[in-house]
Amino acid sequence: MNFRGASRANASSGMGVADHSKNTFMELQRKKVHRYVIFKIDEKKKEVVVEKTGEPVEIYEDFTASLPDNDCRYAVYDFDFVTSENCQKSKIFFIAWSPSTSRIRAKMLYATSKERIRRELDGIHYEIQATDPTEMDLEVIRDRAN
């Protein structure tokens with residue numbers, strides 16, 4: 001494969017990830033200043049940007065209520081739990097939200113850009129692909145974390 005072919009393959013690997021998006025994720029991961037971060041694709045800028053962050057005191061229902069009913073998003077959620085040995089733990093979930101009611105173009109755009117953002121956000125423990133709320137309810141998160 002020649003160099004030109006390699007760059008063309010790279011160009012089709014989806015949107016870029018804004019520095020602010022990476023920094024906001026690091027704030028969640030290292031400093032625990034956010035409970036969750038919701039990202040959206042800005043088609044004009046051709047990059048993934050932060051749409052919303054959740055305060056550390058917010059609960060999982062606040063997070064799920066912040067996702068649109070009929071449009072795709074990426075999100076990270078910092079899930080705190082206590083193990084059976086009574087240890088406090090935290091796991092970071094990456095959620096690719098792609099509801100069945102969203103536009104086909106949006107589903108395709110988010111699907112083709114997912115690997116890029118996943119690579120950029122280093123330190124994610126689990127990934128969930130959800131097309132409806134039941135695929136990412138709290139029980140699913142709890143089961144994956146334990």
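Not a single donor-acceptor pair under 3.5 Å links the side chain of S21 to the backbone N or O of V17. Side chain of Y77 to main chain of F94: no donor-acceptor pair is present (N/O by atom type, distance under 3.5 Å, no hydrogens or angles). Of the possible polar contacts, none joining the R142 side chain to the D137 backbone as a donor-acceptor pair under 3.5 Å is found. The closest donor-acceptor contact from the side chain of E58 to the backbone of Y36 lies at 3.5 Å or more, if one exists at all. Using modelled atom types, no side-chain atom of S98 and backbone atom of T131 make a donor-acceptor pair closer than 3.5 Å. Looking at S66, its side chain never comes within 3.5 Å of a backbone N or O of K52 through a donor-acceptor pair. With D143 contributing its side chain and V140 its backbone, the two residues share no donor-acceptor pair below 3.5 Å. With hydrogens and angles disregarded, a donor-acceptor distance shorter than 3.5 Å links the side chain of H125 to the backbone of I92. A donor-acceptor contact shorter than 3.5 Å is absent between the side chain of S102 and the backbone of A106. Between the Y110 side chain and the I41 main chain, a donor and an acceptor come within less than 3.5 Å of each other.
Note on I141: it clusters hydrophobically with W97, by side-chain heavy-atom contacts below 4.5 Å among ILVMFWY residues.
The pair R35-E55 does not count as a salt bridge, with every side-chain nitrogen at least 4.0 angstrom from each carboxylate oxygen.
The environment of K32 atom NZ is dense: over 12 non-hydrogen atoms of other residues, nucleotides or ligands sit within 6.0 angstrom.
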